[in-house]
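We count ligands from 1, going down the list as the structure has it; atoms in each ligand are counted the same way.
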Amino acid sequence: MTLATAPGKAILLGEHAVVYGRPAIAVPVREVCARAEVLALSDASAGTVTVEAPDVGLAGNLKELDPSHPIPRIILDTLHALGPGLFPAVHLRVTSSIPIASGMGSGAAVSVAIARALSEHLGLPLPPDEISALAFAVERIHHGTPSGIDNTVVAFGQPVYFRLGARPMPFDIAGRMHLVLGDTGVASPTATAVGMVRDRWRADQPVYERHFDSLGQCADQARGLLEAGRIAEIGPLMDASHQVLKEIGVSTPGLDALVQAAREAGAWGAKLSGAGRGGTMLALVSEEDIDRVRQALTVAGAVRTIYTQVGS
Ligand code: PMV
């Protein structure tokens, strides 16, 4: 049996602006993950792949599944990338604890876990950039015009400074960053939010370009601070970014309430994370305030809170 996992992710700074060429920073969230298990099937003919993904109600022989569904798609693309040849018969079981459509990269993580498990099982492990490229191809089918930040951070499994068209830069945080995520419980498909922002940008490009510049500058400043271990100073950049994301139109009263509650409970900074219009928010906290902020988020309506630690 070969098991591979891939973490969830949160966007620390730069969402939406990253689609327009500005930099963004994303971090892995290891407390939730996608898992792919590959088992050898001794009594089936070579090339047989059976699939079981109970979370999304998918089960059957790969040949009979809809090839445009993300799970069959990543399996087919991975087998194709591994080259010609008849593969030994396998059964693939896919599960995930990452909330779906909540800005935590669940789709990218499922793709990365599958590509990793299959390539490792077949003795041909692929490097993170190739795994990321395979997951990106699936993201493009299902999310319109993704920037590629989700598949990158999930495949590399470490903080990433990302800019469209440039080589993604995984980097190390000096020190330890404590993050609390609050889930509004409102599913928000990324493509819808990105499409809405695109319509608004088309209608008023100068204003939206300025918004994207501000968000990108926050991401740029944060990278230097993180590498220097000046963690608390990221807080004001998160607060400023949330304000801009509100002006862009992707926050909601539910997200604003969670952001406000986190700040009042002592967070150094808080903002929505990911596409917005629902999904998840993120608070940067000191170690002492982790529980207080989690409780405050629950009281303010979060259906789930997740604590994660990033850095050394
Ligand atoms: O998948 P989400 O909800 O974390 O959103 C990704 C971030 C966006 O910048 C809104 C879109 C993208 O492709 O970068």
Side-chain angles (χ1 to χ4, degrees), residues 6-29 32-34 70 96 98-112 132-133 135-156 159-166 168 179 181-201 208-209 211-216 218-219 222 238 241-242 244-252 254-255 258 271-282 304 306 308:
K9 71 102 214 325
I11 297 192
L12 188 65
L13 289 159
E15 52 273 270
H16 287 291
V18 69
V19 176
Y20 299 81
R22 276 45 164 211
I25 294 175
V27 296
V29 176
V32 285
C33 72
S96 172
I98 307 172
I100 294 172
S102 61
M104 292 195 67
S106 74
V110 164
S111 291
V112 166
S132 176
F136 183 56
V138 178
E139 295 276 288
R140 285 177 77 162
I141 299 171
H142 296 278
H143 297 305
T145 54
S147 63
I149 191 168
D150 280 20
N151 46 283
T152 303
V153 64
V154 166
F156 282 86
V160 174
Y161 175 86
F162 183 92
R163 194 170 189 141
L164 265 185
L179 295 170
L181 284 83
D183 185 354
T184 59
V186 177
S188 170
T190 304
T192 312
V194 170
M196 189 205 81
V197 172
R198 189 167 296 281
D199 289 345
R200 293 186 175 195
W201 169 79
Y208 274 68
E209 288 292 330
H211 285 327
F212 297 145
D213 283 342
S214 312
L215 293 169
C218 287
M238 293 171 70
S241 293
H242 185 74
V244 177
L245 290 164
K246 256 175 100 161
E247 283 162 35
I248 283 177
V250 291
S251 195
T252 60
L255 280 165
L258 296 186
K271 60 180 276 292
L272 70 84
S273 177
R277 291 170 54 94
T280 304
M281 54 69 68
L282 181 65
R304 171 190 302 110
I306 296 168
T308 192

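Looking only at distances, a side-chain donor or acceptor of Lys9 sits under 3.5 Å from a matching main-chain atom of Gly103. One N or O on the side chain of Arg22 and one on the backbone of Glu209 form a donor-acceptor pair closer than 3.5 Å. A distance-only check finds no donor-acceptor pair linking the side chain of Thr190 to the backbone of Ala275 [under 3.5 Å].
Ligand 1 has no N or O atom lying under 3.5 Å from any N or O atom of Val19, backbone or side chain. Checked against a 3.5 angstrom limit, the closest N/O atoms of Asp150 and ligand 1 fall inside it. Taking any N or O of Thr190, backbone or side chain, at least one lies under 3.5 Å from an N or O belonging to ligand 1.
Between Tyr20 and Trp201, the two ring planes are tilted [angle within 30° to 60°].
No side-chain heavy atom of Ile98 sits less than 4.5 Å from a side-chain heavy atom of Val29. In this structure, Ile149 and Val160 have side chains that are not in contact, with every pair of non-hydrogen atoms separated by 4.5 Å or more. The shortest side-chain heavy-atom distance between Val32 and Met104 falls under the 4.5 Å cut-off. Residues Tyr161 and Pro23 form a side-chain contact, since some pair of their non-hydrogen atoms from C-beta on lies under 4.5 Å apart.
Ranking the protein heavy atoms by distance from atom 9 (O) of ligand 1 puts His16 N, 2.9 Å first. For atom 3 (O) of ligand 1, the closest non-hydrogen atom of the protein is Ala275 N, 3.0 Å. From the protein, the heavy atom lying nearest to atom 7 (C) of ligand 1 is Ile11 CD1, 3.4 Å.
Contact atoms of ligand 1 toward Pro146: 13 (O) (distance under 4.0 Å to a heavy atom of the residue). Atom numbering of ligand 1 starts at 1 in the shown order; those under 4.0 Å from a heavy atom of Ile149 are 14 (O). Within ligand 1, counting atoms from 1 as listed, the ones closer than 4.0 Å to a heavy atom of Gly274 are 2 (P), 3 (O), 4 (O), 5 (O). Counting the atoms of ligand 1 from 1 in the order shown, those under 4.0 Å from a heavy atom of Val18 are 9 (O), 14 (O). Below 4.0 Å from some heavy atom of Glu15 lie the following atoms of ligand 1, by number and element: 9 (O).
None of Val197, Ile248, Leu245 except one satisfies the side chain to side chain contact (heavy atoms under 4.5 Å, CB included) rule with His211; the exception is Ile248.
Here Lys9 has side-chain heavy atoms under 4.0 Å from ligand 1, and that is the only part of it that gets that close.
For atom 12 (C) of ligand 1, the choice among Ala24, Ser147, Ala101 with the nearest heavy atom turns out to be Ser147.
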